[in-house]
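Have a look at the structure below before the remarks.
Position 1 is the first residue of the sequence, and the numbers go up from there.
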Amino acid sequence: MATLRALRKLCQHTHHQACSLHFSASRQDAVVISGRKLARQIRDEARADLEEWVSAGNRRPHLSVVLVGDNAASHSYVLNKTRAAADVGISSETILKPSSISEEELLELIEKLNTDHRVDGLLVQLPLPEHIDERRICNAVCPDKDVDGFHVVNVGRMCLDQSTMLPATPWGVWEIIKRTGIPTLGKNVVVAGRSKNVGMPIAMLLHTDGRHERPGGDATVTISHRYTPKEQLRQHTKIADIIVAAAGIPNLITADMIKEGAAVIDVGINRIQDPLTGKNKLVGDVDFEGVRKKASYITPVPGGVGPMTVAMLMKNTIKAAKNLLLTPPERVRMVASS
């Protein structure tokens with residue numbers, strides 16, 4: 001009888017321990033995905049790919065960046081891009097132009113770079129001054145050199161699941177999800193933000209067919225925007241397996257809006273004043289400290305999507321160099337002038 005009571009007590013103790021372990025595991029904070037670490041991995045891959053390309057007798061790829069005006073954030077972004085290019089082994093140049101440059105003058109510069117056989121990748125840093133039509137400028141860049149993936153031809157190919165230059169930030173988000181092992185097949189995804197350069201392409205990459213030429217994530221995607229009522233957004237995010245916040249609104253996504261175990265990718269970059277120090281600081285669209293207590297995975301700001309954007313830009317530049325080698329010069333001129 002004593003033996004039976006001892007066994008019961010042992011079973012109760014073991015069951016209590018198991019329950020405690022399960023409870024504590026379910027309450028662990030989210031895995032913080034290091035975009036810097038993943039970006040280093042991708043840059044290492046790009047460097048190895050480039051060196052193999054150069055050792056086969058090919059010219060080292062060259063990236064031209066056009067920077068208009070004196071926007072401090074734009075100058076910082078461009079510096080990060082040219083530093084990454086040097087790290088990978090890509091030659092680069094930054095062409096500075098005053099904010100007073102006319103749209104026609106900028107178009108003439110782009111045409112010159114389009115037809116320069118030494119230039120493999122070309123990007124015009126956004127935003128541009130208000131008097132310049134950004135869409136017209138993006139469409140002026142030769143699609144084969146469009147490492148930003150903003151030309152209407154590249155956008156169209158992406159939407160048709162065809163191989164093309166993918167926009168660097170959406171591609172970076174896609175790589176974070178894939179390389180982290182976050183499942184997308186049949187999952188519910190909310191993309192908060194519908195911008196043509198970020199939100200829309202992310203939604204396209206996540207919902208399209210995984211069997212196509214440019215494989216997608218086969219997820220069920222909901223896109224919200226500025227006119228989506230907050231309560232309606234909450235209804236969608238509460239059932240989402242993956243939330244991608246790309247609206248440019250600090251603390252848009254809070255802990256009460258997500259379900260336990262959701263993966264949260266924060267694309268937002270917002271400069272706000274720290275109430276404690278009075279200094280400006282970078283934050284995302286997600287209440288990081290609150291959400292990490294419920295999510296399974298989360299990206300930080302800074303150090304999350306940002307480094308991945310730059311890494312994917314390097315991959316696009318190498319891709320452009322390889323594509324241009326196979327593209328007759330007359331086709332480059334024809335496409336650039338279309």
Side-chain angles (χ1 to χ4, degrees), residues 33-43 46 63 65 71 73-74 76-82 84-85 121-128 134-135 138 141 146-151 154-155 157-159 164-180 182 184 189-208 214 216-217 221 223 225 242-249 252-253 263-271 282-286 298-317 319-320:
I33 303 169
S34 172
R36 291 191 177 100
K37 185 176 179 180
L38 285 174
R40 278 196 301 271
Q41 179 184 330
I42 291 168
R43 279 160 63 166
L63 172 66
V65 182
N71 182 298
S74 291
S76 176
Y77 296 150
V78 168
L79 184 59
N80 287 340
K81 291 169 184 178
T82 54
L122 169 60
L123 71 88
V124 180
Q125 183 66 38
L126 302 181
L128 291 169
E134 286 188 357
R135 177 39 55 194
C138 290
V141 175
D146 172 34
V147 292
D148 262 338
F150 292 165
H151 191 284
N154 288 326
V155 173
R157 289 182 62 84
M158 177 191 65
C159 292
T164 190
M165 295 284 192
L166 294 175
T169 297
W171 190 13
V173 170
W174 179 224
E175 286 296 319
I176 286 173
I177 290 170
K178 286 197 300 181
R179 290 175 185 247
T180 307
I182 299 168
T184 59
V189 177
V190 170
V191 177
R194 62 177 178 183
S195 72
K196 297 300 178 279
N197 296 339
V198 181
M200 184 275 286
I202 288 172
M204 292 302 303
L205 294 175
L206 286 170
H207 96 268
T208 45
R214 191 271 301 145
V221 179
I223 304 175
H225 48 75
I242 302 170
I243 298 169
V244 181
I249 302 172
L252 174 67
I253 305 298
V264 182
I265 311 297
D266 194 349
V267 188
I269 302 177
N270 308 290
R271 286 175 170 80
L282 278 182
V283 298
D285 289 358
V286 176
I298 191 170
T299 60
V301 177
V305 174
M308 291 293 289
T309 297
V310 177
M312 304 326 293
L313 186 68
M314 299 304 108
K315 296 272 276 191
N316 265 349
T317 304
K319 183 176 182 178

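When every heavy atom of Ile33 is checked against every heavy atom of Ile265, the shortest pair comes out as CD1-CD1, 4.3 Å. Between Val267 and Ala246 the shortest heavy-atom distance is CB-CB, 3.8 Å. Here the closest heavy-atom approach between residue Ala84 and residue Met314 is recorded as C-SD, 3.8 Å. The shortest non-hydrogen separation linking Asp148 to Leu313 is OD1-CD1, 4.1 Å. The minimum heavy-atom distance between Gly217 and Trp174, with the atom names listed, is CA-CH2, 3.5 Å. The two residues Met308 and Gly304 have their closest heavy-atom pair at CG-O, 3.8 Å.
Other residues, nucleotides and ligands contribute more than 12 heavy atoms inside 6.0 Å of the NZ atom of Lys178.
The backbone N or O of Ile177 lies less than 3.5 Å from no partner atom in the side chain of Thr180, so there is not a single donor-acceptor pair. Using a distance-only test at 3.5 Å, with no hydrogens or angles considered, a donor-acceptor pair links the side chain of Arg214 to the main chain of Met158. Remark: side-chain polar atoms of Asp285 are paired, donor with acceptor, to backbone N or O of Gly248 under 3.5 angstrom. Side-chain atoms of Gln125 do not come within 3.5 Å of backbone N or O of Val65 as any donor-acceptor pair.
Atom-to-atom distance recorded for Ile202:CD1 and Ile242:CD1 is 11.5 Å, nearest 0.5 angstrom.
Screening Asn316, Val155, Asn154, Asp146 for a side chain to side chain contact (heavy atoms under 4.5 Å, CB included) with Thr164, the sole residue that qualifies is Asn154.
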